[in-house]
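Report on one structure; see the data block that follows.
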Amino acid sequence: MQEAILQTQLKTDSRYFELSSKIDRVDSNLRVEIAAISRQFWITFGGLITTILSVFAVNWYFH
């Protein structure tokens, strides 16, 4: 009886470990994707600000 309980606990522990490792992989992949999106946002935002400033500068120069 104790052996059956120990085997069941061992199976449960191994499943928990597999689930934990899968969650860690998903978390890691999600963090990489969020970082990529954040980087893309800042590059786009910087380009937008640069464009706005250059339009204002050209408009001020020719005004």
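Fair warning: this is a prediction, and the values are worked out from it, not measured in the lab. Note that these values count all heavy atoms, side chains included, but never hydrogens, waters or copies made by symmetry.
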Single hit among I37, L30, V32 for side-chain contact (heavy atoms from CB on, under 4.5 Å) with I34: L30

Taking all heavy atoms of G46 and all of T50, pick out the closest pair and write down the distance. O-OG1, 2.7 Å

May I ask you to decide if G47's main-chain N or O and T51's side chain share a donor-acceptor pair within less than 3.5 Å? yes

Examine V55 and V58 and state if one hydrophobic cluster contains both, with Ile, Leu, Val, Met, Phe, Trp and Tyr joined whenever side-chain heavy atoms are less than 4.5 Å apart. no

Find the distance between CD (Q2) and CD (Q7) and round it off to the nearest 0.5 Å. 12.5 Å

Do T12 and R15 touch side chain to side chain, with heavy atoms closer than 4.5 Å? no

Taking the side chain as everything from C-beta on, heavy atoms only, tell me whether R31 gets closer than 4.5 Å to D27. yes

With sequence neighbours left out, write down each residue that passes side-chain contact (heavy atoms from CB on, under 4.5 Å) with L19, or none if nothing qualifies. I23

As an exercise, state the distance from CG of N59 to OG of S54, rounded to the nearest 0.5 Å. 11.0 Å

Could you grab the distance from atom CG of L48 to atom CD1 of I43, nearest 0.5 Å is fine? 14.0 Å

In terms of relative ring orientation, are F45 and F41 parallel, tilted or perpendicular, with 30° and 60° separating the classes? parallel

Taking atom CD1 of I5 and atom CE of M1, what is their separation to the nearest 0.5 Å? 4.5 Å

Flag, side chain of S20 to backbone of Y16, donor-acceptor distance under 3.5 Å: no

